Amino acid sequence: MSNIKDNLGKVEQQIKNACQINQKSPTRVQLLAVSKTKPASDVESAYNAGQRLFGENYVQEAVDKINELDHLDEIQWYFIGPIQSNKTKLIAEHFDWVQSVDRVKILQRLNEQRPSEKGKLNVCLQVNISDEASKSGATLAELPALIDTIKQCENLVLRGFMAIPEKGNPSLSFEKMDQLFTQYQAQIPTIDTLSMGMSGDMELAIANGSTMVRIGTAIFGARH
């Protein structure tokens with residue numbers, strides 16, 4: 001527990017420092033603790049140390065943890081992994097946010113399968129900003145159709161965008177995402193989230209407008 005608590009403190013300090021250096025408000029950037037492959041006990045330790053937002057990549061593993069930890073009132077669960085059509089029901093029923101949507105069909109399924117008593121599902125569209133064939137995410141050309149679809153989905157709300165930068169040139173990817181975010185934020189009042197930056201490029205992402213960084217190993221230790 002003390003390790004996770006100490007690690008959280010270090011990451012939070014890094015975020016504060018990056019905000020200060022880049023003249024961003026320290027409250028602008030949220031920390032999403034990526035708890036994939038880690039046991040529920042680690043998530044609970046982080047929660048007890050003050051962390052509230054947790055990101056998961058694997059649906060079944062996440063659902064088991066969500067059920068085990070449903071006594072933690074303020075916890076928020078984010079799905080950030082690739083989405084298979086046959087898993088949308090579990091995501092719609094158990095998560096507060098989904099950050100990795102890149103297809104109209106997935107949006108439609110999430111909307112149909114979201115229980116109304118849970119309120120709207122918060123959605124970030126994953127953007128393949130570097131146009132890499134090996135990477136998930138919608139192209140810039142596909143974004144308008146996705147946004148139009150969300151507007152027609154009564155159980156979904158568009159909160160922003162998520163991206164994984166190009167390995168060789170993260171700075172350019174982040175800059176392009178910041179421009180995209182600013183452009184759509186001016187048009188759509190619900191957009192407030194730009195999820196980008198992980199352990200290795202967190203400071204660079206914050207410098208380029210990220211409002212949420214996704215950090216796993218630096219908090220929970222190496223994955224086995």
Side-chain angles (χ1 to χ4, degrees), residues 1-36 38 42-57 69 72-80 95-100 120 122-127 129 157-166 169-221:
M1 161 66 191
S2 62
N3 259 0
I4 289 174
K5 186 177 181 179
D6 294 347
N7 292 345
L8 263 174
K10 284 175 194 163
V11 172
E12 283 163 358
Q13 192 56 52
Q14 283 176 293
I15 293 170
K16 272 188 192 148
N17 293 346
C19 287
Q20 202 169 4
I21 291 164
N22 295 287
Q23 298 178 318
K24 310 278 186 193
S25 161
T27 57
R28 174 187 168 89
V29 182
Q30 290 184 293
L31 171 59
L32 182 63
V34 180
S35 43
K36 64 177 181 185
K38 296 297 177 181
D42 282 6
V43 174
E44 189 153 15
S45 294
Y47 182 93
N48 290 335
Q51 179 62 25
R52 291 295 180 264
L53 317 183
F54 295 89
E56 291 281 335
N57 290 58
L69 298 171
L72 303 179
D73 288 346
E74 295 173 6
I75 200 163
Q76 284 190 42
W77 294 98
Y78 289 63
F79 190 76
I80 59 174
F95 284 84
D96 304 293
W97 285 68
V98 55
Q99 288 203 349
S100 44
K120 293 190 177 195
N122 297 292
V123 174
C124 287
L125 297 172
Q126 183 171 353
V127 182
I129 196 68
V157 58
L158 178 60
R159 297 295 297 271
F161 305 102
M162 184 265 260
I164 298 164
E166 190 177 1
N169 198 354
S171 192
L172 183 63
S173 297
F174 289 151
E175 279 173 34
K176 285 183 179 173
M177 282 305 301
D178 188 31
Q179 288 164 7
L180 182 81
F181 178 62
T182 305
Q183 174 197 332
Y184 277 106
Q185 200 178 24
Q187 300 168 21
I188 302 169
T190 57
I191 289 181
D192 58 6
T193 302
L194 179 56
S195 172
M196 60 184 194
M198 296 183 270
S199 297
D201 52 24
M202 175 172 72
E203 284 91 350
L204 189 60
I206 291 170
N208 285 287
S210 173
T211 72
M212 181 174 288
V213 290
R214 308 183 300 274
I215 310 294
T217 309
I219 297 169
F220 296 108

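Below, all heavy atoms of this structure are taken into account, side chains as well, without hydrogens, waters or symmetry copies. Model, not experiment: these values are computed from the prediction.
Between the Q76 side chain and the W97 main chain, no donor and acceptor come within less than 3.5 Å of each other. Judged by distance alone, the side chain of S100 and the main-chain N or O of Q126 form no donor-acceptor pair under 3.5 Å. Without hydrogens or angle criteria, S173 side chain to E166 main chain gives a donor-acceptor distance under 3.5 Å. Put simply, the side chain of N7 gets close to the backbone of N3: a donor and an acceptor are under 3.5 Å apart.
Summarising the geometry of N57 relative to F79, their closest heavy-atom pair is O-CZ, 3.3 Å, with the distance given to 0.1 Å. Taking all atoms of both residues into account, the shortest heavy-atom contact from I219 to A33 is CD1-CB, 3.8 Å. The two residues C124 and M162 have their closest heavy-atom pair at CB-N, 4.3 Å. Taking every heavy atom of both residues into account, L31 and Q51 meet most closely at O-NE2, 2.8 Å. Annotation for F95 and Y78: closest pair CD2-C, 3.5 Å, computed over non-hydrogen atoms. The nearest pair of heavy atoms linking F220 to D42 is CE2-O, 3.6 Å.
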Side-chain polar contacts of residues 194-216 - donor-acceptor pairs under 3.5 angstrom, sequence neighbours left out - could you list them?
from: S195; atom 1: OG; to: Q99; atom 2: OE1; distance (Å): 2.7
from: S195; atom 1: OG; to: R214; atom 2: NH1; distance (Å): 2.9
from: D201; atom 1: OD1; to: M198; atom 2: N; distance (Å): 2.7
from: N208; atom 1: ND2; to: L204; atom 2: O; distance (Å): 3.0
from: S210; atom 1: OG; to: L194; atom 2: O; distance (Å): 3.4
from: S210; atom 1: OG; to: M196; atom 2: O; distance (Å): 2.7
from: S210; atom 1: OG; to: M212; atom 2: N; distance (Å): 3.2
from: S210; atom 1: OG; to: M212; atom 2: O; distance (Å): 3.0
from: T211; atom 1: OG1; to: L194; atom 2: N; distance (Å): 2.8
from: R214; atom 1: NH1; to: S195; atom 2: O; distance (Å): 2.9
from: R214; atom 1: NH2; to: A163; atom 2: O; distance (Å): 3.2

Kindly list each side-chain donor-acceptor pair under 3.5 angstrom involving residues 13-20, sequence neighbours excluded, with atom names and distances?
from: Q13; atom 1: NE2; to: N17; atom 2: OD1; distance (Å): 3.0
from: N17; atom 1: ND2; to: Q13; atom 2: O; distance (Å): 3.4

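How far CD1 of I129 is from CZ of F161: 9.5 Å, rounded to the nearest 0.5 Å. To the nearest 0.5 Å, atoms CG (L125) and OG1 (T193) are separated by 11.5 Å. In this structure, the separation between CG on L158 and OH on Y184 is 9.5 Å, given to the nearest 0.5 Å. One distance of note links CD1 of I75 with CG of L69; it measures 5.5 Å at 0.5 Å rounding. For the atom pair NZ of K10 and CG of D6, the computed distance is 6.0 Å after rounding to the nearest 0.5 Å.
Counting heavy atoms from C-beta outward, T217 and V34 have side chains that stay 4.5 Å or more apart. The shortest side-chain heavy-atom distance between I80 and L32 falls under the 4.5 Å cut-off. Residues K5 and S45 have side chains not in contact (no heavy-atom distance under 4.5 Å, counting atoms from C-beta outward).
With sequence neighbours left out, the side-chain hydrogen bond (donor to acceptor under 3.5 Å, both in side chains) criterion links N122 to R159. Residues forming a salt bridge (charged side-chain N to carboxylate O under 4.0 Å, His left out) with R52 (at least two apart in sequence, or on another chain): E74. Remark: K120 pairs with V157 by the side chain to side chain contact (heavy atoms under 4.5 Å, CB included) rule, at least two apart or across chains. Annotation: side chain to side chain contact (heavy atoms under 4.5 Å, CB included) contacts of T27 (sequence neighbours excluded): S25.
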Next on the checklist: Is there a side-chain contact (heavy atoms from CB on, under 4.5 Å) between V127 and M177? Walk through the geometry before answering.
Outcome noted: CA-CA 8 Å; V127 182; M177 282 305 301; 3.9 Å; yes
Item to check | Trace of the ring pair (Phe, Tyr, Trp, His ring centres under 6.0 Å) decision for F54 with Y47 | outcome: CA-CA 9 Å; F54 295 89; Y47 182 93; 7.1 Å; no
Checklist entry - Q183 and Q187: side-chain contact (heavy atoms from CB on, under 4.5 Å), yes or no, with the steps? => result CA-CA 7 Å; Q183 174 197 332; Q187 300 168 21; 3.8 Å; yes
